[in-house]
Amino acid sequence: MTEPLIHATNLHKSFPGTGRGEPPVPVLRGISLDVRPGEMVSIVGPSGSGKSTLLYCLSGLEPYDSGSVVLAGRELAGLRRGALASLRRRHVGFVFQSFNLIPSLTARENIALPARLARQRVQPTDVDRALADVGLSDRARHRPGQLSGGQQQRIAIARVLALRPEIVFADEPTGSLDTATGADVLHLLRASAQEERSVVMVTHDLEAAALADRVLVLRDGAIHGELRRPTPEQVLEAVATARTTA
């Protein structure tokens, strides 16, 4: 069996209390999980269950209090800021609800920008391939203001694909899109989880979650259940159970 791209063990995370003298508020409570190459994993759960916090801890965007996260073969705890940033540049791509495109740059320039900022050589063929993969070859010279929300999100995904990361983290990638456009974006993410690349997605959209190979259901900062290739109805039932027993 191949080694996991993400290996988390007994992960704990708390946030400071809301007032002076208030105890920390636990957000993650001993989560352990693996994500293997070619796998798409969705994370769902009631509001406040710790979904996005888990995603940020797994990706190195947020420090954790205790436990272990091994990302692309490297333990995140103890890495200096520069080493952590370098690890993310080489192995990780991010897709968020906000598209994070530069308004003054064309679609092509936005796709090439992360590699240039990382001082990596950008191959025009990689940019062209990424644009073709998301069906926007004819929008290469358009700026974000000339694109629809769905097109902007597809450009954001193309920006990730051009870097060829091993792991793509997506946090509510369809949250600001209509149903039809969101479905297109989700199928792009589903298609990108293959061979050596994995996708980890946080979503409140249960049909979106059901596209994954596995669905992790969080409740109160812990994994309440795991579903393999479920139907949307099975995801709905699992989340409803997590909500009523929280």
Side-chain angles (χ1 to χ4, degrees), residues 1-11 13 28 31-43 51-64 67-101 110-123 125-127 129-131 133-134 153-173 185-186 188-203 212-214 216:
M1 184 176 291
T2 57
E3 290 295 316
L5 288 173
I6 304 171
H7 178 64
T9 306
N10 199 26
L11 199 61
K13 170 73 177 179
L28 302 180
I31 288 181
S32 298
L33 62 88
D34 286 345
V35 178
R36 298 190 178 278
E39 187 176 34
M40 182 177 185
V41 176
S42 292
I43 302 171
K51 301 185 297 295
S52 291
T53 300
L54 175 59
L55 190 82
Y56 297 156
C57 288
L58 294 176
S59 64
L61 289 178
E62 182 81 33
Y64 43 91
S68 171
V69 175
V70 178
L71 177 67
R74 297 287 302 277
E75 167 62 59
L76 299 186
L79 283 182
R80 294 179 181 272
R81 182 177 298 179
L84 186 57
S86 177
L87 180 68
R88 287 197 299 260
R89 283 197 300 267
R90 287 185 282 112
H91 298 285
V92 174
F94 295 98
V95 179
F96 297 111
Q97 181 174 338
S98 57
F99 315 129
N100 295 325
L101 301 178
N110 267 288
I111 291 169
L113 181 62
R116 288 177 174 158
L117 291 176
R119 299 181 180 178
Q120 299 174 6
R121 186 173 181 179
V122 183
Q123 296 293 343
T125 53
D126 288 341
V127 177
R129 185 182 300 111
L131 278 164
D133 286 345
V134 300
Q153 187 63 295
R154 286 153 68 189
I155 292 297
I157 293 174
R159 181 177 56 194
V160 168
L161 298 180
L163 291 173
R164 301 185 179 182
E166 295 169 70
I167 309 159
V168 176
F169 291 100
D171 189 9
E172 300 287 5
V185 166
L186 289 166
L188 283 171
L189 288 171
R190 171 66 268 185
S192 71
Q194 56 182 317
E195 298 178 355
E196 298 302 313
R197 180 186 295 134
S198 298
V199 174
V200 181
M201 176 177 68
V202 164
T203 182
D213 300 298
R214 286 190 294 137
L216 303 179

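We count residues from 1, following the sequence as given. Below, all heavy atoms of this structure are taken into account, side chains as well, without hydrogens, waters or symmetry copies.
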Practice problem: Report yes if the side chains of Phe94 and Asn100 come closer than 4.5 Å at any heavy-atom pair, otherwise no. | Solution: no

Self-check item: Listed partners of Asp171 passing side chain to side chain contact (heavy atoms under 4.5 Å, CB included), at least two apart
Solution: Ser52, Leu55, Tyr56, Phe96, Val202

Practice problem: Check the surroundings of atom CZ in Arg74: do more than 12 heavy atoms from other residues, nucleotides or ligands lie under 6.0 Å from it? | Solution: no

Quiz item: Which distance, rounded to the nearest 0.5 Å, do you find between the CD1 of Ile31 and the CD1 of Ile43?
Solution: 8.0 Å

Quiz item: Got a sec, which residues hit side chain to side chain donor-acceptor pair (under 3.5 Å) with Arg164, two or more places apart in sequence or on another chain?
Solution: Asp126

Quiz item: For Asp213, what residues pass the side chain to side chain donor-acceptor pair (under 3.5 Å) criterion, not counting sequence neighbours?
Solution: Arg190, Arg229

Quiz item: Looking at side-chain heavy atoms only, is the closest gap between Ser198 and Val41 below 4.5 Å?
Solution: no

Practice problem: Give, for atom CG of Leu76 and atom CG of Leu87, the distance between the pair rounded to the nearest 0.5 Å. | Solution: 6.5 Å

Quiz prompt | Over 12 foreign heavy atoms within 6.0 Å of CD, Glu196 | solution = no

Quiz prompt | Counterpart residues, side chain to side chain contact (heavy atoms under 4.5 Å, CB included), relative to Ser42 (two or more places apart) | solution = Met201, Ala209, Ala212, Val215

Self-check item: Set of residues satisfying side chain to side chain contact (heavy atoms under 4.5 Å, CB included) with respect to Ala83, sequence neighbours excluded
Solution: Leu79

Exercise. Not counting sequence neighbours, which residues clear side chain to side chain donor-acceptor pair (under 3.5 Å) with Thr9? List them please.
Key: His7

Practice problem: Tell me, please, which residues at least two apart from Glu166 pass side chain to side chain contact (heavy atoms under 4.5 Å, CB included). | Solution: Leu5, His91

Quiz item: Mind checking what makes salt bridge (Lys or Arg N to Asp or Glu O under 4.0 Å) contact with Arg89, not counting sequence neighbours?
Solution: none

Practice problem: Mind checking side chain to side chain donor-acceptor pair (under 3.5 Å) for Glu62 and listing every partner two or more places apart, or none if nothing turns up? | Solution: Lys13

Self-check item: Side chain to side chain, Gln153 and Leu188, heavy atoms closer than 4.5 Å
Solution: no

